[in-house]
Amino acid sequence: MANSHYLLLISIVLMGSLVVVLAAGNFNDLTEITWGDGRGKILDGGKGLSLSLDKLSGSGFQSKNEYLYGRFDMQIKFVPRNSAGTVTTFFLSSQGEGHDEIDFEFLGNVTGEPYTVHTNVYSQGKGNKEQQFHLWFDPTTAFHTYTIVWNANHIVFLVDEIPIRVYNNHESIGIAYPKSQPMKVYCSLWNADEWATQGGRVKTDWTQAPFTAYYRNINIDGCVVKSGASSCASRSTDSANNAKSWETHELDAKGRNRVRWVQSKHMVYNYCADSKRFPQGYSQECKRSRF
């Protein structure tokens, strides 16, 4: 009986992996390389993409569509060895002075030191809501999945399906929340050694260039906005049967425990605890956030 349970578990894992592969989008269809003068390359017929950085320039790409709410998954393998000064990004952003933005930024480090995951949320052009974590694995030896879930209630950042941060909608207390500006998906690799690695104390070693990061298995499940109209407007969201999982997404007890574990063991910066930076007092949502 134990062997039967084991085989069933293996089958479920394999089926889940197959679903991920089948659901993954094609970079040719979903994205376009927007800068880098050839340093960004679509690979394997659109199944993957690489971005490179040298002393002259980095590179980047963006989604062809804009989205208002959704789930956004990307598998990334980061710059190996001495990656100090480099920043690899995966984020959502609208345009204009009062833009909204949801950030994953991955700060490289000297060989043997952990990558730092920098997260931030902007609404109406205002950010200053940073949380940073050290990854608990080496993200340069294999692909790992990074996810943003964005709905009307909250934004969740996940690493390999483990939630590391929840940013809740606190409009009820006057805190702006990204809810009306469609955003594109952006990814880039660039040099930021004036601030990125250990506060800018460690500079980029250009003898290691070109630096390269790899992307694959892009998956976007969201409301596409074109000419001001949302693709989700044509269906009813009143019924739970019609709502997508990301629209009704809530953390269960296991998810909440995982957030607490990540934040207690791997968080290295929290804007809600930086009294030197905010001597006038923390933002109102800090008092209400459970995470």
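- In this pair, F106 and F78 present their aromatic rings tilted. The plane angle is within the 30 to 60° band.
- Atom CD of E97 has 12 or fewer heavy atoms from other residues, nucleotides or ligands within 6.0 Å.
- For the side-chain contact (heavy atoms from CB on, under 4.5 Å) criterion with T197, the lone passing option out of L107, N109, N82 is N109.
- With values rounded to the nearest 0.5 angstrom, K64 atom NZ is found 8.0 Å from L30 atom CG.
- Side chain of N168 to main chain of H170: no donor-acceptor pair is present (N/O by atom type, distance under 3.5 Å, no hydrogens or angles).
- Although no hydrogens or angles enter the test, the distance criterion places a donor-acceptor pair under 3.5 Å between the side chain of N26 and the main chain of G45.
- The ring pair (Phe, Tyr, Trp, His ring centres under 6.0 Å) test with F157 is passed by exactly one of Y167, Y146, F104: F104.
- Cluster annotation: V156 is connected to I175 through the hydrophobic network of ILVMFWY side chains, with a link wherever side-chain heavy atoms come within less than 4.5 Å.
- Judged by distance alone, the side chain of N120 and the main-chain N or O of K129 form a donor-acceptor pair under 3.5 Å.
- Put simply, the side chain of E113 never gets that close to the backbone of V110: no donor and acceptor are under 3.5 Å apart.
- Neither Y122 nor Y69 shares a network with the other; the hydrophobic side chains, linked directly or stepwise wherever heavy atoms of I, L, V, M, F, W or Y lie under 4.5 Å apart, form separate groups for each.
- In terms of modelled atom types and a separation under 3.5 Å, the side chain of Y115 and the main chain of V79 share a donor-acceptor contact.
- Judged as a ring-ring contact (aromatic ring centres under 6.0 Å, His included), the pairs with a partner in residues 172-198 (not counting sequence neighbours) are, in order, F91-Y186.
- Annotation: cation-pi geometry not satisfied between R165 and F133 (NZ/CZ under 6.0 angstrom from ring centroid, within 45° of ring axis).
- Hydrophobic clustering, with ILVMFWY side chains joined whenever heavy atoms are under 4.5 angstrom apart, keeps V268 apart from V262.
- Across K254, R71, R258, a single residue satisfies salt bridge (charged side-chain N to carboxylate O under 4.0 Å, His left out) together with E161, and that is R71.
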